[in-house]
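This one's a predicted model, so the numbers in the text were calculated from it and none came from an experiment. Every chain is numbered from 1, with letters handed out A, B, ... down the list of sequences.
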Protein chains: 2
Amino acid sequence: MTIKDIAKACGVSVSTVSRVLNNRPDVSESVRRRVLAAVEAKGYIPNNSARDLVRSRTDAIGIVVRGTGNLFFSAILKTVSREIDRAGFTMVPHFIGSDADEVKAGAILEREKKLRGLLFLGGRYDYTPSELALVGVPYVCCSYTNCFGSLDAGDYSSVSIDDYLTAYRAVERLIQLGHRRIAAVVPSCSDRSVSELRYNGYRAALKEHGVEFDPALLAETGGCFEMPATYRGMCGIIERGADFSAVFTISDTMAIAAIKALEDNGRRVPEDCSVIAIDGLPVSEYTIPTLTTMVQPAEEMGMESVSILLKMLEGAPARHLLLEARIREGASIKQV
Amino acid sequence: MTIKDIAKACGVSVSTVSRVLNNRPDVSESVRRRVLAAVEAKGYIPNNSARDLVRSRTDAIGIVVRGTGNLFFSAILKTVSREIDRAGFTMVPHFIGSDADEVKAGAILEREKKLRGLLFLGGRYDYTPSELALVGVPYVCCSYTNCFGSLDAGDYSSVSIDDYLTAYRAVERLIQLGHRRIAAVVPSCSDRSVSELRYNGYRAALKEHGVEFDPALLAETGGCFEMPATYRGMCGIIERGADFSAVFTISDTMAIAAIKALEDNGRRVPEDCSVIAIDGLPVSEYTIPTLTTMVQPAEEMGMESVSILLKMLEGAPARHLLLEARIREGASIKQV
DNA sequence: ATTTGACGACCTCCGCCGGAC
DNA sequence: TGTCCGGCGGAGGTCGTCAAA
């Protein structure tokens, strides 16, 4: 069942059928009706591969999810999927490890699947224009920005929270409660990415409030956001006999692992040690104790990312949206 | 950048490049290397639309994920995505609510995206053949089976654990530890689905070991797997003054919410009450206390689901794989 | 002036035949 | 005789162009 069969059945040319199918004006009403009737009668459906081939453009939007096991991304992904479907596009997801090259993955995806646009869910903060030259379609960085990089702000869009400020406020909250010896478990202090940014917020909050930074209170997990590495990092701080009354981690799952390490070493949370984090996962509202955390507006981030990308496909300029993370008071911090 | 450019650059014919690209045997090793080097150097990627076109079929496999917020599915999804990519197919995901009609969603997806096959991640256990007649491509039910339905076993594949037996074993473990008053929080006792199946396993374990079932120890959440509803259900059992020393829930996240409800009502886990569940999420290894749970082999389920589906696309018969859920001993249960 | 037909290009695969060694 | 490679044509739908009715 091809366009030729329809043409033959109607006694018209292939060109004419194509014109009807694509709603072009230069076809007489009588021929149009005859063709549409034949299409309906024979149940003809145009071959999408052939259409894509000649139009050289699809309805595909790629999503590169960097960091498998990131529960925060899982939440965003569902929103993104829903919004892309709603707009009549097709979502093409691609999951990569947190140490993989998302730009390369996106560029390959773009060409393999003929993407109209790209949405990066997590990535590096220090792109250079030459790196991103690989990407030939509009793209949005969801949950991060290019603050360490050198991209022209007009060349890409981003939707994120202010990582530095959010970390600053989380640590400031601990200081307000009287904490001075505040440990931190972070993937890295200098990864030119989310971890460095939030670490800088931690350092700035200490400094601003006259608290001296103590390297003994810091654990780096070697770039890893996973719970086992976080658990080991927290144990490391404890085992070296460091003196601290609070812990800051850059994600909820890291906080859950850190709390586990504290409890396993005989330190109760929050009685012996306060813990604060950033993310606001649903599950951390049911941990014991309930986690106090800075909630990222996941739903809003997903919606806005897709909305901005779709508008870019229609020629709208790039946008950089900075959303606010609000604290969700739990029971993992207390006054000292 | 097309196959012609590669041919020109290597000084060979288009046919030869095509032969190399498709791993055909009748090409000399030297030419093969030269062509592959040029492909690498120029970053050539074959046009998928053209490939699909000439092969007269697409490379799309649909995934209908039923139940947003299901962390267990998030883990499977990553494995499924990786395996589909590896096999050279394209994954087309579709997320729907846990009360939505996955068959209808799959059928629509199949027509819109011209799918080769479908993978249902979560769904009803009681399909009838007429319902599934909507689906015109091979499909695999991942994480569930049609045990309440009337499908011909040869018409579909499934990869799952034995829900009834797994629940039976979990509850049996509690009985072995001396528990007789075992509460259960389940979405529903009669949803013709996973909840009913696991509830039946709970009831069977009680009966088999001479423990009388007490309706006061049961909470139904109204078909909901979410933590807030589970929390309320658990609180309901406590508030009605029921006497129990252990709780069985059908998922890890439900257990986390149940433990929270217990602790909030002054009952320590496991000292005052043991809790056991089914799933084996990474996060439940870091909750306090560590959850004792029946681990579903998520990685294996994802891999096998894709593997079986791909073989079905090549004409292989349907298969029904029953995987084993092994207990992960935590610290949420104790002897009484 | 309006409508319709014919044609080539787009891109890849694959089977087939022919030539070269 | 066997191995390797070139070349051809058909498959599919769209779209611009040109010619014709």
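Residue contacts shown for A/S15 include a base, since a base heavy atom lies under 4.0 Å away. Looking at heavy-atom distances under 4.0 Å, A/R24 makes contact with sugar-phosphate atoms alone, never a base. Residue A/V17 is classed as having no contact, given no heavy-atom separation below 4.0 Å to the nucleic acid. Looking at heavy-atom distances under 4.0 Å, A/V12 makes contact with sugar-phosphate atoms alone, never a base.
The interatomic distance linking B/N23 (CG) with C/dC14 (C1') rounds to 15 Å, in whole Å. Atoms CZ (B/R33) and P (D/dC4) sit 13 Å apart, rounded to a whole Å. The nearest whole Å value for the distance from the CE atom in B/M1 to the P atom in C/dT12 is 10 Å. Put simply, CG on A/L53 is 14 Å from C1' on C/dG8, counting in whole angstrom units.
In terms of position along DNA chain D, the nucleotide closest to B/E29 lies nearer the 5' end than the nucleotide closest to the other residue of the pair B/A50 and B/E29. Mapping B/I45 and A/P25 onto DNA chain C via the closest heavy atom, the residue that lands nearer the 5' end is A/P25. DNA chain D is contacted by both B/D26 and A/K4; B/D26 maps to the nucleotide lying nearer its 5′ end (nearest heavy atom per residue).
For C/dT12, neither phosphate oxygen OP1 nor OP2 lies less than 4.0 angstrom from any side-chain nitrogen or oxygen of B/N47. Put simply, A/S18 has a side-chain N or O that comes within less than 4.0 Å of OP1 or OP2 on D/dT14. Contact annotation: B/Y44 side-chain N/O to C/dT12 OP1/OP2 distance is under 4.0 Å.
For the pair A/D101/A/E131, no side-chain contact is recorded, criterion being any heavy-atom separation below 4.5 Å from C-beta on. Two residues are said to be in side-chain contact when any heavy atoms from C-beta on lie closer than 4.5 Å; A/K78 and A/R82 fail this criterion.
With B/E110 as the partner, the side-chain contact (heavy atoms from CB on, under 4.5 Å) test is satisfied by one option alone out of B/V92, B/L134, B/V137, B/V64: B/V137.
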Practice prompt. For salt bridge (charged side-chain N to carboxylate O under 4.0 Å, His left out), just list the numbers for B/E83 and B/R86, CA-CA rounded to whole Å, side-chain angles, deciding distance to a tenth of an Å, and then say yes or no.
Written response: CA-CA 5 Å; B/E83 293 300 310; B/R86 186 174 293 172; 3.4 Å; yes
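Listed nucleotides: D/dC5, C/dC10, C/dT3. Nearest to the side chain of A/S28: C/dT3. Comparing D/dT17, D/dT14, C/dT12 by their closest approach to the side chain of A/R19 singles out D/dT17. With C/dA6, C/dC13, D/dC5 as the candidates, the nucleotide lying closest to the side chain of B/T16 is D/dC5. In this structure, of C/dG5, D/dT14, C/dT4, it is D/dT14 that holds the atom nearest to the side chain of A/I3.
For residues 116-158 of chain B, the pairs satisfying ring pair (Phe, Tyr, Trp, His ring centres under 6.0 Å) are B/F120-B/Y139, B/Y125-B/Y144, B/Y156-B/H320, with sequence neighbours left out.
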